[in-house]
Amino acid sequence: MKIASVEISVIQMPLKSPFLTHLGAVKDRVGIIVKVTNNDGISGFGEGVAFSTPWYTEETVETSLHMLKDILIPLLQKHPINRPEEASNLFSSIRRNNMAKAALETALWDLDAKSHSEPLSKMIGGTREIIASGVVVATDSTAKALGQIEQYLDEGYQRIKVKMNPNQDYSFLAEIRRHYPDLPLMADANSAYTLKDIDRLKALDEFNLMMIEQPLAHDDIIEHAVLQKEIRTPICLDESIVSFDDARKAIEFGSCKMINIKVGRVGGLYEAKRIHDYCFERGIPVWCGGMIEFGISRAHNIALATLPGFTIPGDISASSRFWEEDIISPEVTIENGYITVPKAPGIGFEINEKKLQEILLSKKTFVF
Ligand SMILES: O=C(O)CCC(=O)C1=CC=C[C@@H](O)[C@@H]1C(=O)O
Ligand SMILES: [Mg+2]
């Protein structure tokens, strides 16, 4: 890969409505766009998905920018690579900072797929032409949640994920089930519980949830294994899985029955695919998580979700779920609950340069 330059843009756009969790609210999204251009003038794009503050993982937009500008881009300048698969190994000398790594690594994948005139989904071994779409309801009242569920089901989404915590669990889920007894429903706790809550979590078994996501501590796999033995509802891990080895250990240990794979959280597409392959061989279902992202990351998620083990609809919703106007063209849309996988080379979407300029905060170019 003969890289000529890497450009880092910081953008900011308000969400159509706030995304509320028990850990905080996201109203305005700041994101990082990485553009890697080769000597033939072909550009690949990646997106940094860390939030502005470290409420979900330890990374932030600022730490990602530091890692990219001062560590990862200089590393790539010093050690040219031939294939995107090599980026993961090159970056492994740097501990964690997975979202910063993924921002650059995914851009290299897009560039490589475009240089081979191949869709990224095919390049990584994807087999699907359409992917099933789910959506997240993240609000603070039962009435608002019911209203949003109705709207999203009308739009065709195939499953709903709600946010839950000790102030919003049994009666909240009971009310949703009263209205929608057969709805494919999952609940994400973002670590709101401890093992003291086993009885409380056991009581939720009656709602036939597809899974409870990350009920216990963000860095735990030990206590999740204890909990999984006590409850019938499958546990899905999100925050606890930041690498292939985490996934392997969690599965060997019985800490979860499924995994939410987020490209940013695990440091890139290569690691995401390794986790997928491991789970697929063992019949462990995986699904693609979201990061309230802009269109570039959404496009990478679509490519990832074409792999055969992604058997559960992911948090890959339409561009219009969060944005008045997205930064890609065409925007991601849902038809009858599915997203059509683009056939154009790379991520398969163009960049909406006009929108990107409109929401641009800063830009820096690194010449190789
Ligand atoms: O991007 C989406 O569509 C939903 C994203 C989403 O649910 C999450 C993103 C980031 C942190 C969270 O609270 C939550 C999650 O934990 O999966
Ligand atoms: Mg989650």
Side-chain angles (χ1 to χ4, degrees), residues 19-24 26 49 51 55-57 132-139 145 149 152 157-170 172-173 176-177 183-195 197-198 200-205 207-228 230-242 246-247 250-251 253-266 272 275-276 279 284-293 301 305 309-317:
F19 187 94
L20 305 180
T21 76
H22 75 102
L23 298 169
V26 181
V49 296
F51 292 111
W55 64 273
Y56 169 70
T57 63
S133 178
V135 69
V136 184
V137 166
T139 185
I149 292 172
Y152 292 140
Y157 287 105
Q158 299 201 22
R159 66 104 181 109
I160 301 286
K161 169 168 128 182
V162 291
K163 289 292 185 187
M164 81 173 195
N165 62 69
N167 296 316
Q168 180 172 291
D169 53 16
Y170 189 89
F172 174 66
L173 293 167
I176 295 175
R177 271 288 175 245
L183 171 69
L185 179 66
M186 54 173 90
D188 186 358
N190 289 112
S191 307
Y193 297 87
T194 70
L195 275 187
D197 299 308
I198 284 194
R200 198 183 179 113
L201 293 166
K202 214 185 251 184
L204 307 181
D205 277 344
F207 300 124
N208 285 319
L209 299 175
M210 298 166 77
M211 68 197 72
I212 293 181
E213 189 177 332
Q214 198 71 36
L216 307 179
H218 69 97
D219 54 357
D220 169 78
I221 61 163
I222 309 281
E223 295 189 343
H224 278 101
V226 176
L227 177 64
Q228 183 65 90
E230 297 290 328
I231 64 173
R232 190 164 39 85
T233 308
I235 292 176
C236 170
L237 289 177
D238 173 357
E239 286 91 327
S240 296
I241 308 298
V242 301
D246 286 345
I251 289 161
F253 211 63
S255 318
C256 63
K257 292 188 178 158
M258 36 197 87
I259 291 179
N260 159 349
I261 302 182
K262 292 185 185 174
V263 177
R265 199 191 65 230
V266 303
I275 296 173
H276 160 274
C279 292
I284 307 280
V286 299
W287 55 280
C288 182
M291 281 297 290
I292 316 176
E293 54 247 299
N301 289 346
F310 283 81
T311 50
I312 296 171
D315 287 345
I316 314 179
S317 50

Any donor-acceptor N/O pair, Ser255 side chain to Ile222 backbone, under 3.5 Å: no

Any side-chain donor near an acceptor of the partner, Asp205 and Thr233, under 3.5 Å: yes

Check: Ala305 main-chain N/O paired with His276 side-chain donor or acceptor under 3.5 Å: no

Test item: side-chain donor near acceptor, Glu239 and Thr57, under 3.5 Å: no

Polar side-chain atom of Arg159 near backbone of Pro184 as donor-acceptor pair, under 3.5 Å: no

Which atom of Ile235 lies closest to which atom of Pro215, heavy atoms considered: CG2-CD, 4.0 Å

side-chain contact (heavy atoms from CB on, under 4.5 Å) partner of Leu237, the single match among Asp220, Leu216, Ile221: Ile221

Distance-only side-chain donor-acceptor flag, Glu293 / Asn301, under 3.5 Å: yes

Electrostatic pair Asp238-Arg265, nearest N-O below 4.0 angstrom: yes

Shortest non-hydrogen contact from Ser240 toward Gln214: OG-NE2, 2.8 Å

For Pro313 against Gln158, the heavy-atom pair lying closest together: CG-CB, 4.2 Å

From Leu183 atom CG to Tyr157 atom OH, the distance as rounded to the nearest 0.5 Å: 14.5 Å

Test item: Lys257 side-chain N/O and Cys236 main-chain N/O as donor-acceptor pair under 3.5 Å: no

Heavy-atom pair with the smallest gap, counting every atom of Lys163 and Ala138: CG-CB, 3.8 Å

Parallel, tilted or perpendicular: rings of Phe207 and Tyr170 (30°, 60°): tilted

His218 atom NE2: more than 12 heavy-atom contacts under 6.0 Å: no

side-chain contact (heavy atoms from CB on, under 4.5 Å) partner of Met164, the single match among Ile212, Thr21, Asn190: Ile212

